[in-house]
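No hydrogens, no waters, no symmetry mates; every other heavy atom, side chains included, goes into these values. Chain identifiers are assigned alphabetically (A, B, ...) following the order of the sequence lines, protein sequences preceding nucleic acid strands; residue numbering begins at 1 within each chain.
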Amino acid sequence: GENVEQHPSTLSVQEGDSAVIKCTYSDSASNYFPWYKQELGKRPQLIIDIRSNVGEKKDQRIAVTLNKTAKHFSLHITETQPEDSAVYFCAASSQTGKLIFGQGTTLQVKP
Amino acid sequence: DTGVSQDPRHKITKRGQNVTFRCDPISEHNRLYWYRQTLGQGPEFLTYFQNEAQLEKSRLLSDRFSAERPKGSFSTLEIQRTEQGDSAMYLCASSPSSYEQYFGPGTRLTVT
C-alpha cells in the first residue's frame, strides 16, 4: 500500500548549522511532494513543495531534492535559526491529491 | 481572514454522543480534504471532495463517520456514537488543484 517513511524522528542542531530530513515513498504514481512545518498546537504550514518533473527546488534557506528513481526526497534547511524549531512532515500524493504523510521529524535548533 | 476556518476549535463529548464539525475552505478552492491527526503522528487522510462530490474515502472512515459538502463550499464531518478512540485533531484542508493544500486550525475532539 501507500507508505511514506521519514527519518530521523528527532534532530538537534546548533544555530547556524544545516539540517537534513529524508523521506522515502512507496507509490510510484506519486507526483507531488510537499513539506509541512507544524508548531505545537498549530496547523501544518506548507513551507515548500516539489513536483515530479523537477529534481530540486530552493526558497531562501530551504531546499528540497527529489530522486524519482530511488523514490527519495529530502528537505535541507541551511543557517538554522531557533524559530525553525518545530515538527516537520513530508508527504506524497498522486492524482487525487490525497496526502500520505511521514511520521514527522522534531527539529530542535539550539541557540 | 481568508484562510481555511474550522468550527468548533475544541469539542468535549461523552462516549456514545454524536458530534459534527464544520470546515469553511478558501473560497475559490474546489477541493476539500479531511484528515485526522493523533499526538505525535502525521495527519491521516479520511476523505476528499471535488466541489460537492465525495470522490474518495479512507478505510479509516467507518460507518459511524459521514461527510458532506452540499453546495461545494463548506463541509461537515459527523461522527455518530463516538468512541474514545475517536479522540484526535480533525483537520480540514482546501486546494485549488491536486497540489497545494492549506490546512485549517483543526477541531480537537476529546471523547470521555
Contact class of [X] relative to chain A, heavy atoms under 4.5 angstrom:
X	value
B:Tyr99	both
B:Leu91	side chain
B:Glu44	neither

Can a donor-acceptor pair be found, under 3.5 Å and without considering hydrogens, that links the side chain of [X] to the backbone of [Y]?
X	Y	value
B:Gln101	A:Gly97	yes
B:Gln80	B:Ser66	no
A:Lys37	A:Gln45	no
B:Asn51	B:Ala53	no

- Query: So which of B:Ile79, B:Leu77, B:Thr76 actually passes side-chain contact (heavy atoms from CB on, under 4.5 Å) with B:Thr20?
  - Reply: B:Thr76

- Task: Hey, can you tell me if A:Phe101 and A:Phe89 have their rings parallel, tilted or perpendicular (30° and 60° cut-offs)?
- Result: perpendicular

- Should the pair A:Trp35 and A:Phe73 be assigned to parallel (<30°), tilted (30 to 60°) or perpendicular (>60°) ring geometry? perpendicular

[atom1] of [X] to [atom2] of [Y]: how many Å apart, nearest 0.5 Å?
X	Y	atom1	atom2	answer
A:Lys71	A:Phe33	NZ	CZ	10.0 Å
A:Lys110	A:Ser85	NZ	OG	10.5 Å
A:Thr96	B:Tyr33	OG1	OH	6.0 Å

- Query: Will you find, in the side chains of A:Ser9 and A:Gln103, an N or O donor that is under 3.5 Å from an N or O acceptor?
  - Reply: no

Interface moiety of [X] toward chain B, non-hydrogen atoms closer than 4.5 Å:
X	value
A:Ser93	side chain
A:Leu46	side chain
A:Lys98	both
A:Gln6	neither
A:Pro44	both

- Item | Heavy-atom contacts under 4.5 Å, residues 103-112 of chain B to chain A | B:Phe103, B:Gly104, B:Pro105

- Message: For B:Arg15, is there an ion pair with B:Asp86 - N to carboxylate O distance below 4.0 angstrom?
- Response: no

- Query: Hey, are A:Asp59 and A:Lys57 close enough for a salt bridge, meaning a charged N less than 4.0 Å from a carboxylate O?
  - Reply: no

- Item | Interface residue of largest heavy-atom contact number with chain A, from B:Arg31, B:Gln50, B:Glu100, under 4.5 Å | B:Glu100

- Do B:Phe45 and A:Glu2 come close enough that some side-chain heavy atom pair is under 4.5 Å? no

- Against chain B, residues from residues 10-24 of chain A with at least one heavy atom under 4.5 Å, in numeric order, are none

